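Written below as structure tokens is the structure these notes are about.
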Amino acid sequence: MKSVGVTRFGGPEALRVFEVPEPHAGPGQVRVRVHAASVNPGDRYLRNGSLGLASLVPPYVPGMEAAGVLDEIGAGTVTDLRIGDRVMAMTVPTEPGGGAYAQYLALPAQRVTRAPEGTTHAEAATLPMNGLTARRALDLLGLSAGQSVAVTGGAGVVGGLVIQMARAEGITVVADALPADEELVRSLGADLVVLRGPGVARRILNAVPEGVDGLVDTAVIGSSAVAGAVHDGGVIVTLLGEGPRALRPAELRRRSLRTYMVFVPDYLDDRARLDRLRSQAEAGELTLRIARVLPAEQAAEAHRLLEAGGVRGRLVLEF
């Protein structure tokens, strides 16, 4: 089968097409004939060697989410899926089976669910990992209807999903945006939009003088830069480790702030949450945004576009 990966780490040009043996579904697994795999910022870390892959055999294959058609069910596997179902799945590229940039994936059945009705393979491929990231962020916040959340990176895919999920739960949303993205962010459901960039915490506080109850930093600005927007006792959720940009322990204690980092594999085998994403997409609560679909052979170009920035929606590889 065809897969896309690296044998030597580097920039986008390191990505190549390989012919590798097809996997088959074992006990507890199903196999997906992949038609689309999304390209996410985290895919760069496998490609450039930032992840520990010593236990794997090259080529190293990136990709954390895919969509396609179920074509095998392993012996003894308990699942409500049937061969021929259109499905979407979350993958872990640092596991022996590799990532989603491949024509076939053999996965634990709980990591696969039906694709939302009425979606293309490309659209469905953008939902599992991005959706579970947004879901995990909101669950860590623990907010209820009537409370408020601020979202940095509101025009991004994960930021947009956080906005839509929060609004579906009756939470007031303040999000940042560049002027060119303001209409998009409002269309996703933000109640208030402030200008993105340095000083965003001050602008959020101007919009909500009492401070928001929680904040999801999808733009990875750093908790120390956004904490001023959150009232004492509030919650900040970040998507990546922060290092020197993190709030100092003394500030956390003084203001009784709680900070959490999203680790999306916490929900890796949570099929109920994965299937909830399907239901929300079918109900029109979540928007699946495609920037561009490219043939798998153009994975290097997709990574170049990703690293250039300014992409609104996900780049998707077609197999």
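What you see is a predicted model; the values in this text were computed from it and never measured.
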Do you reckon Val230 sits in the same ILVMFWY cluster as Ile171, going by side-chain contacts under 4.5 Å, direct or chained? no

Distance-only polar pair, side chains of Arg44 and His303, donor-acceptor under 3.5 Å: no

Does the Arg86 side chain pair with the main chain of Ala67, one donor and one acceptor, at a distance under 3.5 Å? no

Shortest non-hydrogen contact between Val200 and Leu195, atoms and distance: CG2-O, 3.8 Å

Smallest heavy-atom separation, Pro128 atom then Glu65 atom, equals N-OE1, 3.2 Å

I'd like to know whether His35 forms a side chain to side chain donor-acceptor pair (under 3.5 Å) with Glu318, so could you lay out the CA-CA distance, the side-chain angles of the two residues, the decisive distance to 0.1 Å, and finally the verdict. CA-CA 6 Å; His35 288 277; Glu318 197 168 56; over 6 Å; no

Under a 4.0 Å threshold between the charged nitrogen and the carboxylate oxygen, would Arg273 count as salt-bridged to Asp139? yes

Taking the side chain as every heavy atom from C-beta outward, state whether Arg16 and Val6 have any atom pair closer than 4.5 Å. no

Determine, step by step, whether Glu297 and Lys2 satisfy the salt bridge (charged side-chain N to carboxylate O under 4.0 Å, His left out) criterion, reporting the C-alpha distance in whole Å, the side-chain angles of both residues, the deciding distance to 0.1 Å, and the verdict. CA-CA 10 Å; Glu297 292 80 4; Lys2 178 169 62 180; 2.6 Å; yes

Just by distance, do the side chain of Glu95 and the backbone of Val92 share a donor-acceptor pair under 3.5 Å? no

Can you list the steps and then say if Glu282 with Arg276 is a salt bridge (charged side-chain N to carboxylate O under 4.0 Å, His left out)? CA-CA 10 Å; Glu282 289 179 347; Arg276 181 183 178 187; over 6 Å; no

Do Val61 and Val4 have side-chain heavy atoms sitting under 4.5 Å apart? no

Less than 4.0 Å between a side-chain N and a carboxylate O, is that true for Arg135 and Asp270? no

Over all atoms of both residues, closest heavy-atom pair of Asn48 and Ser50: OD1-OG, 2.6 Å

Taking 4.0 angstrom as the limit, do Arg254 and Glu251 come out as a salt bridge? yes

May I ask you to say whether Arg31 pairs ionically with Glu22, meaning some side-chain N is under 4.0 Å from a carboxylate O? yes

Yes or no on ring pair (Phe, Tyr, Trp, His ring centres under 6.0 Å) for Tyr101 and Phe319, after CA distance, side-chain angles and deciding distance? CA-CA 8 Å; Tyr101 295 9; Phe319 286 84; 7.2 Å; no

Test side chain to side chain donor-acceptor pair (under 3.5 Å), reference Asn40, set Thr133, Asn130, Thr126, output is Asn130

Please find the pair of heavy atoms, one from Leu127 and one from Leu286, that lie closest to each other, and give the distance. CD1-CD1, 4.1 Å

Do Val32 and Asp71 touch side chain to side chain, with heavy atoms closer than 4.5 Å? no

Scan side-chain atoms only and decide if Asp213 and Ser148 contain a donor-acceptor pair under the 3.5 Å cut-off. yes

Quick check: are there more than 12 heavy atoms from other residues, nucleotides or ligands sitting under 6.0 Å from CD of Glu117? no

Hey, is the main chain of Pro93 close enough, under 3.5 Å, to the side chain of Thr91 for a donor-acceptor pair? no

Between Asp85 and Arg82, is there a salt bridge with N-O shorter than 4.0 Å? no

Show the nearest heavy-atom pair for residues Tyr60 and Val57, with the distance to one decimal. CE2-C, 4.1 Å

From Ser38 atom OG to Met129 atom CE, the distance as rounded to the nearest 0.5 Å: 6.0 Å

Does some side-chain heavy atom of Phe18 sit less than 4.5 Å from a side-chain heavy atom of Thr7? yes

Between Leu53 and Thr94, does a side-chain contact (heavy atoms from CB on, under 4.5 Å) hold up when you go through it step by step? CA-CA 6 Å; Leu53 302 171; Thr94 54; 3.7 Å; yes

What verdict does the side-chain contact (heavy atoms from CB on, under 4.5 Å) test give for Val264 and Arg136, after you've listed the backbone C-alpha separation in whole Å, the side-chain angles of each residue and the deciding distance to 0.1 Å? CA-CA 7 Å; Val264 71; Arg136 181 60 175 157; 5.5 Å; no

Using 4.0 Å as the upper bound for N to carboxylate O, is an ion pair formed by Asp191 and Arg186? no

Glu72 side, atom CD; Tyr104 side, atom OH - distance, nearest 0.5 Å: 8.5 Å

Could you see if Val193 belongs to whatever hydrophobic cluster contains Val149? Use Ile, Leu, Val, Met, Phe, Trp, Tyr and a side-chain cutoff under 4.5 Å. yes

Are Met261 and Val216 linked, directly or through other ILVMFWY residues, by side chains that come within less than 4.5 angstrom of each other? no

Who pairs with His231 by ring pair (Phe, Tyr, Trp, His ring centres under 6.0 Å), at least two apart in sequence or on another chain? none

I'd like to check Arg289 versus Leu188 (side-chain heavy atoms, cut-off strictly below 4.5 Å). Are they in contact? yes

Rounded distance [0.5 Å steps], OG in Ser279 versus CD in Glu285: 9.0 Å

From CG (Asp181) to CZ (Arg312), nearest 0.5 Å: 4.0 Å

Judged by atom type as modelled, is there a donor-acceptor pair below 3.5 Å linking the side chain of Ser223 to the main-chain atoms of Leu247? yes

Should the heavy atoms of other residues, nucleotides or ligands under 6.0 Å from CD of Glu307 be counted, would the total exceed 12? yes

Distance in Å, Leu161 CG paired with Gln280 CD, rounded so as to fall on 0.5 Å steps: 9.5 Å

The reported gap from CG in Leu268 to CD in Gln110 (rounded to nearest 0.5 angstrom) is 8.0 Å

Verdict with reasoning, Met1 to Val20, per side-chain contact (heavy atoms from CB on, under 4.5 Å): CA-CA 5 Å; Met1 71 168 185; Val20 298; 3.6 Å; yes

Have Thr287 and Gln164 got a donor and an acceptor in their side chains that come within less than 3.5 Å? yes

Is any NZ, NE, NH1 or NH2 atom of the basic residue among Glu123 and Arg278 found under 4.0 Å from an Asp or Glu carboxylate oxygen of the other? no

Salt bridge check: are Asp43 and Arg47 linked by an N-O gap of less than 4.0 Å? no

Measuring only between side-chain heavy atoms, which start at C-beta, is Leu315 closer than 4.5 Å to Leu294? yes

Is it the case that one hydrophobic cluster holds both Leu239 and Val185, taking links as side-chain heavy atoms less than 4.5 Å apart, direct or via other members? yes

Taking C-beta and beyond as the side chain, do Val151 and Val174 meet within less than 4.5 Å on heavy atoms? no

Checking side chain to side chain donor-acceptor pair (under 3.5 Å) for the pair Asp275/Thr113: CA distance, chi angles, key distance, verdict? CA-CA 6 Å; Asp275 201 55; Thr113 195; 2.5 Å; yes

Ser3 side chain near Glu19 side chain, heavy-atom distance below 4.5 Å: no

Report the C-alpha separation of Val262 and Leu140 in whole Å, then their side-chain angles, then the decisive distance to 0.1 Å, and conclude whether the side-chain contact (heavy atoms from CB on, under 4.5 Å) test is met. CA-CA 8 Å; Val262 171; Leu140 287 169; 4.1 Å; yes

Smallest separation among heavy atoms of Ile163 and Ala190, with atom names: CG2-N, 3.6 Å

Quiz question: by atom type and distance under 3.5 Å, do the side chains of Thr152 and Asp176 form a donor-acceptor pair? no

